[in-house]
Amino acid sequence: MVFDIIRRLIKSGNHSPMSIQSLTNEAEYPFQKVETQVQSFWTENNSFAVHTEPSKPKFYCLSMFPYPSGRLHMGHVRNYSIGDVISRFQRMLGKNVLQPMGWDAFGLPAENAAMKNKVPPAGWTYDNINHMRGQLSRLGFAYDWSRELATCHPEYYRWEQWFFCRLLEKGLVYKKEAEVNWDPVDQTVLANEQVIDGRGWRSGAPVERRRIPQWFIKITDYAQELLEDLEKLEGWPERVRVMQQNWIGRSVGMEFSFTVAGREDRLEVYTTRPDTLMGVSYCAVAPEHPLAQEAAASNADLARFIETIRTGGVSEVDMATMEKVGMDTGFKAVHPLNGEEVPIWVANFVLMSYGSGAVMAVPGHDERDHEFATKYQLPIKQVIRPLDDTAIDVQQAAYTEHGICVNSGGMDGLKFTEAFDFIATTFNQLGIGQKKVNFRLRDWGVSRQRYWGTPIPVINCRECGALPVPAQDLPVLLPEDVEFDGSGSPLKKIASFMNCSCPKCGGPAERETDTFDTFMESSWYYARFASPRYNKGMLNLEDMNYWLDVDQYIGGIEHAILHLLYARFFHKLLRDEGLVSSDEPFKRLLTQGMVLKDGAKMSKSLGNTVDPEGLIEKYGADTVRMYTMFTAPPDQSLEWSDSGVEGSYRFLRRLWKLVCSHTPTKVTLKQNSLNDVQRQLRLKTHATIKKVGDDYERRQVFNTAIAAVMELYNELSKFTASHDSTSGQNQAVVQEAMEAIVLLLAPIVPHMCHVLWQHLGHNEAVIDAQWPVYDESALVQDSITIVAQVNGKVRSQLSLSAEVDKESMQLAAMADPTVQRFLEGLTVRKVIVVPGKLVNIVAN
RNA sequence: GCGGACGUGGCGGAAUUGGUAGACGCGCUGGAUUUAGGUUCCAGUGCCUUUGGUGUGAGAGUUCGAGUCUCUCCGUCCGCACCA
């Protein structure tokens, strides 16, 4: 086993029992001793290991696992602090809380490091994991480390290989040619990230688009369900759901074909705007389209042109921002309604991978078509007019709104849906097309021409084709001790990996050397965490039924679309294989904001990073946790400030001193015998408990929770400064306020609160304490403040009995001298009374 | 290009359902303690011509009442399928 407990025990340091008293007697807040001692306590007691216990309510809190890049950055600290706070809060509510941690260990950076430092990707990755595990422990996160996993471990990826083979057998996986970025100098495939301004990042050579056979998983089979189920995800931020909805991109349109003049075959196109059909002035096909290829065969200029437009990146942003260029193929498409012939062009903006690789172009009513038509002086026809009949000039700009058909023969006067239906009926009768729902979502290409990834478990036999590796031969192990120089896959050079025999005919065969997209591993790790050591199958159903779904998932907004969509898809695949029982993996989602410094994202290239380790050294983990939770709401970006850290540190020091100087008491608090000042403090204590609980659970904003605790602290410290709080009910209300503060902060500042809780006279550990419940009777007030406005402007504040009715409020406001002064010479027209809040007198 | 979000003091942010704008923290100013610096404590702190006026990127609108709702504009940031 790679991950042993022993090493962590050594890491956690000092085991000699140190009494709480020796800590709380220290004049200054001894954060180092506190944190070391409390972390030892958690380790020795195995405090965060959990088991499937069907009789107990569970809570599964998951933070997106990190890529082991080498060191934690502030983004990690923030992400994992949020998850830890939620986990510890839920535990105090009495739940059986699972909070695991692991490593998204495959990926490109390990290969880059391998080239740079001449070390194998595996060794580099394991070293990073060991270092980062230590950093996480030092931050005091309540992980069940016995469940730790790393995706590069065969125990993990073997099940992914097994599952892929199942999908292959079920027909949910297929192989087809797809475009990649090809570096002609380095003779290698480049990631989009490695293409800079259309050139290879290392060679500087112009990148070519090349087609190679790759594996795809049929996510489009699940497009409709992935779209519909978004509505069930009430615990997800609206914006993430909208992003996924747009990504899936359901559209209703017409699929139909043009005849090509003088030919037997037809040109298939898809359009969402059949109402503009009479405005078609040309068609455009992708460079890879058969018609384009055929035309190029007898036209050297066109062949050269197609070659040039196949350079440049393949990403969506490259496609959308590049200059739109094209060339006439010489073929003519015959308009299905008026028989007119329009030219067929080849254009770089048409994607072979989307739809049929061909489009009808209506420059009058589509911006992209308009740009292209203007450039090549193709005709622009107006066939739609605005509903309100405003004058438009389609020669100047495309009119893209829905409107009414004009210049369209029999369709004139029809609105969008009427025109749509007309075309649908007509084409059905002609047998050349029909209504079709299309999705923007494309099938998931999972092949990567990289070494450091899960080997795709496929054997290529010259006789029998591509076959899945039989289950008993799994895992296909990735050789870890390799020479890696970046020129193609090292797997191709290892004969013992490459050569195998065909599982069907037994003849000589070769292994697939591509590896999986790393999104594969991160698409199911949440489930594996619930049965991480299970070796009889991919997932243990009993554990799945107890722990899933993930109650709270936390991670960066940058994963809003891809990772979350793939994980949702994978969950449905797992469900259909009978491995899990629910439809969706993540009940509630919190997308944390970025950590910024000087207004920019912290990054190595900008040199504006802050190293968490140095901060922990200087201020302790509790301060760092508190600062990251206090400075901004979790879903917004966090602007780094050194003096802000000082502020959090100062608060914790003050709190430490105040509680340590208090003598704990067991005196019973008697609500009815409290004086006004005592009642006031008690009111603040319980109002704070109420607000903070709501902030943690419903609102998930921790900055305001901390602010509320600070307010209580301020009131408490004023109280202790001006009253003798060593005896009687004074001591009782102070004890109550302190206990509240310690409990309310325990999820955020767990080390300090562990010690302070014991100082306040409790034997149980604060992690096992019950979350405080507010006392409704303590919140009852005798008098309330009412705002008096004249014409919407605040003129006075009135202290009135809490039970005051609307009429009395109005009378009191009218009688107020300041209000009177502002009403002088005016006639009262109207009075608005908001019970318990304000009175607005409208006068002129 | 497409899609998404955001814009409030000197700064980070608060205002949860249309009802006292600026909670809490930082910074700054003054004072106390200290040989001094630091620390700690106390008081003040949106802006202005201060019995008042004004103020939430700009402009308009709805409303008794708008930071919050609607529209237009400006600006900033994020994602876009091989980075994870």
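The chains referred to below are lettered A, B, ... by the order of the sequence lines, with proteins before strands, and numbering in each begins at 1.
Atom CZ of R440(A) is separated from atom P of A81(B) by 9 Å (rounded to the nearest Å). Between the C1' atom of C80(B) and the CD atom of Q245(A) lies a distance of 17 Å, rounded to the nearest Å. Remark: P of A15(B) and CG of L838(A) are 19 Å apart, rounded to the nearest angstrom. Between R699(A) atom CZ and A15(B) atom C1' the separation is 9 Å, expressed in whole Å. Put simply, CE on M710(A) is 6 Å from P on G25(B), counting in whole angstrom units. Rounded to a whole Å, the NZ atom of K657(A) is 7 Å from the P atom of U40(B). The interatomic distance linking R653(A) (CZ) with U40(B) (P) rounds to 5 Å, in whole Å. For the pair E711(A) CD and G22(B) C1', the computed distance is 13 Å after rounding to whole Å.
The listed nucleotides are C26(B), C24(B), C64(B); the one nearest the side chain of S643(A) is C26(B). Residue V794(A) has its side chain nearest to A21(B) when only A81(B), A14(B), A21(B) are considered.
In this structure, Y619(A) has its ring center at least 6.0 angstrom away from the ring center of Y627(A).
Side-chain atoms of R698(A) and base atoms of U16(B) include a donor and an acceptor less than 3.5 Å apart. Contact annotation: side chain of Q449(A) to base of C82(B), donor-acceptor pair present below 3.5 Å. Evaluation of atom-type donor-acceptor distances gives a pair under 3.5 Å for the side chain of R450(A) against the base of C82(B).
Under 3.5 Å, the side chains of D695(A) and T704(A) contain a donor-acceptor pair of N or O atoms. Between the side chains of N844(A) and R829(A), at least one donor N or O sits under 3.5 Å from an acceptor N or O. A donor and an acceptor atom, one from each side chain of N128(A) and W103(A), are nowhere located under 3.5 Å apart. Checked by atom type, the side-chain pair D816(A)/S796(A) shows a donor-acceptor distance below 3.5 Å.
Comparing G10(B) with G59(B), their C1' atoms sit 27 Å apart, to the nearest whole Å. Using atom P as the reference point in both A14(B) and A23(B), the two lie 13 Å apart (nearest Å). Spacing of C1' atoms, U45(B) relative to A36(B), comes out at 28 Å, to the nearest Å. Taking atom P on both U68(B) and G55(B), the two are 14 Å apart, rounded to the nearest angstrom. When the P atom is compared between C6(B) and U54(B), the two are found 30 Å apart, to the nearest whole Å. Taking the P atom of each, U35(B) and U16(B) are spaced 50 Å apart, rounded to whole Å. Distance noted for atom C1' between G67(B) and A84(B): 37 Å (whole Å). When the C1' atom is used for both U63(B) and U70(B), the distance is 12 Å, rounded to whole Å.
When the nearest nucleotides of RNA chain B are assigned to V242(A) and A708(A) by heavy-atom distance, the more 5′-ward of the two goes with V242(A). Ranked by how close their nearest RNA chain B nucleotide is to the 5' end, R448(A) and R239(A) are led by R239(A).
An OP1 or OP2 oxygen of G52(B) is reached within less than 4.0 angstrom by no side-chain nitrogen or oxygen of K793(A).
Annotation: side chain of L226(A) is in contact with side chain of F569(A) (closest heavy-atom distance under 4.5 Å).
The side-chain hydrogen bond (donor to acceptor under 3.5 Å, both in side chains) contacts involving residues 241-251 of chain A comprise Q224(A)-R250(A), E238(A)-R241(A), Q244(A)-R568(A), S251(A)-Y270(A), where partners must be two or more places apart or lie in separate chains.
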*Evaluate the side chain to side chain donor-acceptor pair (under 3.5 Å) criterion for residues T400(A) and E367(A): first the C-alpha distance (whole Å), next the side-chain angles of each, then the deciding distance (0.1 Å), finally the verdict.*
CA-CA 7 Å; T400(A) 58; E367(A) 275 170 33; 4.6 Å; no
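Using bins of under 30°, 30° to 60° and over 60° for the plane-to-plane angle, the ring pair Y713(A)/F651(A) lands in the perpendicular bin. Taking the six-membered ring where tryptophan is involved, the planes of F106(A) and W452(A) are perpendicular, since the angle between them exceeds 60° and thus also 30°.
Stem regions annotated for RNA chain B: B:1-7 with B:74-80, B:10-12 with B:24-26, B:27-32 with B:40-45, B:46-48 with B:52-54, B:57-61 with B:69-73, counting only runs of 3 or more consecutive pairs of Watson-Crick or G-U type with both contacts under 3.5 Å.
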Polar pairs (N or O, both sides) under 3.5 Å between protein and nucleotides 10-12 of chain B?
residue: G12(B); atom: O2'; partner: T631(A); partner atom: O; Å: 2.9

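Scanning all heavy atoms of the two residues, the minimum distance from T623(A) to V645(A) falls at CG2-O, 3.8 Å.
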